[in-house]
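Take a look at the structure set out below.
Values below: all heavy atoms of this structure, side chains included; hydrogens, waters and symmetry mates excluded. All of these numbers come straight from a predicted model, not from anything done at the bench. Atoms within a ligand are numbered from 1 in the order they appear, just like the ligands themselves.
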Amino acid sequence: MSKHVEVLSSSSALVDRTLQIVVEEIHRALEQRDRATVVLSGGNTPKPLYEALAQEDLPWSKIYVFWGDERYVPADDPASNQRMARQTWLDNVPIPAENVRPMMTDGDSPEADAQRYEAQLREFFGLEPGDFPVFDVMLLGMGDDGHTASLFPQTDALQVCDRAVTVGNKDGQPRLTLTVPVLNLSRCVIFMVAGANKQTALSHVFAPDGDEDAYPSRLVQPLNGTLWWLLDPEAGSSISVTDRRG
Ligand code: 6PG
């Protein structure tokens, strides 16, 4: 694993840098495999990134979009990660509908929908039993409690290692989430983190020793891929890094 930590000079510089790396990784995947698989994070931080991606001229027919997690709400719910990504990006580019692979939340239960998404991933990647999907770009955010995707502190989802998709739990509310093994098999993992409210969690995540159950983002250690931590000035103010970019 190669790890890079950058504190950018502004929130717009954070968006620009993240966009640059995402586009570079998409082109790398296209060169190597003639397709690119991109996993989206939810929340607020990636919204300007998705708006910027909507302005890019990319071979959309060769780009496949998945989600790293999803709130267990209808697709048209204001809290839906799918809805946010479609409004800010996917509805504004000519990406084929079949290339957009949201986590379904209209089934019998969160557990059933987690299994549905797992089955969809297995079919898309042509996986053998026991294999996990390997995504080209894994976009992640981090909550102020150190969670990522819907892998929340002290929850059972952190321990799931025999499935690609499981049910996360945020304060008793179910969420669908990719599991730690899938995050760590990605070719490129990009954390995009902004806001002073993330400082404390980041210090725990970056500490040499710590409690992974308390700060689940510590669990993201790509086995063979590249790990990027891209921070805005507020989030990264207490992080000692070699890279402070413009
Ligand atoms: C979600 C995300 C989640 C998010 C963090 C940070 O469904 O909310 O996938 O993991 O990345 O909670 O959220 P903000 O970007 O809103 O701070």
(request) Please find out if less than 6.0 Å separates the ring center of Phe135 from that of Phe125. (result) yes
(message) So that I can tick it off, tell me whether Arg28 and Glu25 are bridged by a salt bridge, with the cut-off set at under 4.0 angstrom between side-chain N and carboxylate O.
(response) yes
(message) Just by distance, no angles: are the side chains of Asn169 and Arg175 close enough, under 3.5 Å, to form a donor-acceptor pair?
(response) no
(message) Closer than 4.0 angstrom, basic N to acidic O: yes or no for Asp136 and Arg35?
(response) no
(message) For atom 17 (O) of ligand 1, what is the closest protein heavy atom, and at what distance to 0.1 Å?
(response) Lys198 NZ, 2.8 Å
(request) Check if Glu70 has a non-hydrogen atom at a distance under 4.0 Å from any atom of ligand 1. (result) no
(request) Please confirm whether Lys3 makes a cation-pi placement over Phe206, using NZ or CZ under 6.0 Å from the six-membered ring centre and within 45° of the ring normal. (result) yes
(request) Mind checking whether Asp69 contacts ligand 1 via backbone (N, CA, C, O), side chain (CB onward), both or neither, at a 4.0 Å heavy-atom cut-off? (result) side chain
(message) Starting from atom 11 (O) of ligand 1, what is the nearest protein heavy atom, named by residue and atom, and what distance separates them?
(response) Gly141 CA, 3.3 Å
(request) State, without any angle test, whether Thr166 and Thr179 hold a side-chain donor-acceptor pair at a distance under 3.5 Å. (result) no
(message) What protein heavy atom lies closest to atom 5 (C) of ligand 1? Include the residue and the distance to one decimal.
(response) His147 NE2, 3.5 Å
(request) Please determine if Glu118 and Arg122 form a salt bridge, counting it only when a charged side-chain N lies under 4.0 Å from a carboxylate O. (result) yes
(request) For atom 13 (O) of ligand 1, grab the closest protein heavy atom and report residue, atom and distance to one decimal in Å. (result) Gly43 CA, 4.0 Å
(message) Quiz question: by atom type and distance under 3.5 Å, do the side chains of Gln159 and Asp213 form a donor-acceptor pair?
(response) yes
(request) For atom 15 (O) of ligand 1, grab the closest protein heavy atom and report residue, atom and distance to one decimal in Å. (result) Thr45 OG1, 2.6 Å
(message) Any salt bridge linking Arg17 with Glu6? Criterion: basic side-chain nitrogen under 4.0 Å from a carboxylate oxygen.
(response) yes
(request) Provide the number and element of each atom of ligand 1 under 4.0 Å from a heavy atom of Arg175. (result) 1 (C), 7 (O), 8 (O)
(message) Checking a contact table here: which protein heavy atom is nearest atom 6 (C) of ligand 1, and how many Å away?
(response) Met142 O, 3.6 Å
(message) Looking at ligand 1, is there an atom of it that comes within less than 4.0 Å of some heavy atom belonging to Met192?
(response) no
(message) Is there a polar contact between ligand 1 and Gly42, counting only N or O atoms under 3.5 Å apart?
(response) yes
(request) Would you mind running through ligand 1 and noting each atom that sits below 4.0 Å from a heavy atom of Asn81? (result) 1 (C), 7 (O)
(request) Report the part of Ala149 in contact with ligand 1, treating N, CA, C, O as backbone and CB onward as side chain, heavy atoms under 4.0 Å; options are side chain, backbone, both, neither. (result) backbone
(request) Please write down residue, atom name and distance for the protein heavy atom closest to atom 8 (O) of ligand 1. (result) Arg71 NH2, 2.7 Å
(request) Would you kindly specify which portion of Asp144 sits under 4.0 Å from ligand 1, judged on non-hydrogen atoms: side chain, backbone, both or neither? (result) neither
(request) Taking only Lys NZ, Arg NE, NH1 and NH2, and the carboxylate oxygens of Asp or Glu, determine whether Lys62 and Asp34 approach each other closer than 4.0 Å. (result) yes
(message) Starting from atom 16 (O) of ligand 1, what is the nearest protein heavy atom, named by residue and atom, and what distance separates them?
(response) Asn44 N, 2.8 Å
